[in-house]
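Data block below; observations after.
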Amino acid sequence: MIARVTPKMLKGHAMVPGSKSHTIRAILLAAMAEGTSRIHNPLPSLDCKSAMKAAELFGAQTNMEDRVWTVTGTGGKIKVPDNYLDCGNSGSVAYFAAPMAALCDGYTFITGDVQIRRRPMGETLSAICQLGGEAFPSRPGSGSCPAIVRGRMRGGIARFEGTLSQVVSGIMMAAPLLEEDTEIFIKNPKEKPYLQLTLDWMLRYGILVENKEDYRHFVIRGGRSYRKADTVVASDWSGVAFPLVAAVITDSEVVIDAVDFQDSQGDKAVVDCLIAMGADITRDLEAGTLAVKGGREMKSEVSIDLRDIPDSLPALSVAAAFARGDTRFTGLEHVRLKETDRVAVMEQELGKMGADVETGPDYMTVHGGKRLTGTVVDSHGDHRVAMALTVCGLWAKGTTLVKGAQCAAVSFPDFFKVMNRLGAGIEILEDGV
């Protein structure tokens, strides 16, 4: 699918769907819990549906109504899947499901799409082995899916470098169901808000984790069980970034509704990043809204550390191209380990449009302020890249064609509908048109 984008002014109200990060945690914790849990405002994205399929394979019963999903859990008695576990495009499902598979006797075969089969799984597989399970890639030396996992883990000590929060979160989520206590040590924790997100969700299902030394040491008591919960999924701050940036870089007046400023999602910091770059954004904490007046000159001479909010790079790099001056992004080592190497991909695709971008192993500098020109760009199958390039096309001169735009559905199924209700006028074309 190709998205055809031309410069437009946006106006009106937008609402972003529930958070992918919240929804996946809610589903898989419910699958391990006793009783039936109700999840309100879930994100009906491909990744979240992959989590529901994983829950079913582990023995949970699921139902997906329009606004409320239910999961009748296993009471901690995870069963060996009858089939291989296909995580689709979801790294979170892969990283969370592998430790769940190590809760039961027997072998589980875990795989996913071509991107998942490139993403690093070594730390997850190593941690499972450290805790008494058995886990290894099916391709010796690959360090990625397909992977084979066998339980049962017992507990003990697991050590991580800390590059990806999801590998730590997966072990944390499974640990209360182990016979023994588990201690987790993290050498250099990154993405701390996502670790806190996991702690918050575990508490909603009845498990308190001891967080010591600022996310460097966790103690999780074994022999416990999760209880059912009735929860509401907050709006996705990672998704908020795209209509927000679109409004900032175009001559627009947009209000984004139903955002939770108290939520632990780290990507709410994107608002502060944009304000630091000169954007005109007003928060209404009581109403839960963001009001944006766009199209105004932005002057950016800022450095933004993305260690805790790596998913924000694609959207923020577009804003940086719009703002006059240099914007330097640092803490990007783990950004290269996402669905794509987002540092290299955004440098390549923005470069096609005329942006001046330089990168290193752990940084990106965008020399902004020059009007970009529309051309043919590629999402590389990465949902955040697809949305960022689409947003960029609303400002760039001429026409921008975003190839592979359908992958936006991974985290924001109605992205194009939401943008078009604001007046974006995005046309969806079939490949080859």
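Counting begins at 1 with the first residue of the sequence.
There is a side-chain donor-acceptor pair under 3.5 Å between Ser92 and Gln166. Gln196 and Tyr215 are linked by a side-chain donor-acceptor pair at a separation below 3.5 angstrom, with hydrogens and angles left out of the test. Side-chain atoms of Asp267 and Ser238 include a donor-acceptor pair closer than 3.5 Å. Looking at Ser144 and Arg119, their side chains never bring a donor and an acceptor atom within 3.5 Å of each other.
Put simply, the side chain of Ser45 never gets that close to the backbone of Pro413: no donor and acceptor are under 3.5 Å apart. Looking only at distances, no side-chain donor or acceptor of Asp414 sits under 3.5 Å from a matching main-chain atom of Lys417. Within the 3.5 Å criterion, the main-chain N or O of Lys403 finds a donor-acceptor partner in the side chain of Ser379. Gln130 places a side-chain N or O within donor-acceptor distance of the main-chain N or O of Arg159, the cut-off being under 3.5 Å. Although no hydrogens or angles enter the test, the distance criterion places a donor-acceptor pair under 3.5 Å between the side chain of Tyr205 and the main chain of Ala26. Distance alone, capped at 3.5 Å, places no donor-acceptor pair between the Ser312 side chain and the Val270 backbone. The main-chain N or O of Gly133 is never found under 3.5 Å from a side-chain atom of Arg150 such that the two would form a donor-acceptor pair. Between the side chain of Ser252 and the main chain of Leu10, a donor-acceptor pair closer than 3.5 Å is present. Looking at Lys268, its side chain does come within 3.5 Å of a backbone N or O of Phe261 through a donor-acceptor pair.
The pair Arg342-Asp311 counts as a salt bridge, with a side-chain nitrogen and a carboxylate oxygen less than 4.0 angstrom apart. Using a cut-off of 4.0 Å between Lys/Arg side-chain N and Asp/Glu carboxylate O, Lys192 and Asp214 are scored as salt-bridged.
Considering Leu313, Asp362, Val345, Thr359 as possible partners of Arg336, the one that fulfils the side-chain contact (heavy atoms from CB on, under 4.5 Å) test is Thr359. Between Arg38 and the options Asn63, Val232, Thr70, a side-chain contact (heavy atoms from CB on, under 4.5 Å) holds for only Thr70.
Judged as a side-chain hydrogen bond (donor to acceptor under 3.5 Å, both in side chains), and not counting sequence neighbours, Thr231 has no contacts. Not a single side-chain hydrogen bond (donor to acceptor under 3.5 Å, both in side chains) links Asn83 to another residue, sequence neighbours left out.
Classified by interplanar angle (parallel below 30°, tilted 30° to 60°, perpendicular above 60°), the ring pair Phe185/His217 is parallel.
When all heavy atoms of Trp237 and Gln265 are compared, the closest pair comes out as N-OE1, 3.0 Å.
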(message) For Val418 and Val16: C-alpha separation, side-chain torsions, deciding distance, then whether side-chain contact (heavy atoms from CB on, under 4.5 Å) applies.
(response) CA-CA 8 Å; Val418 169; Val16 174; 6.0 Å; no

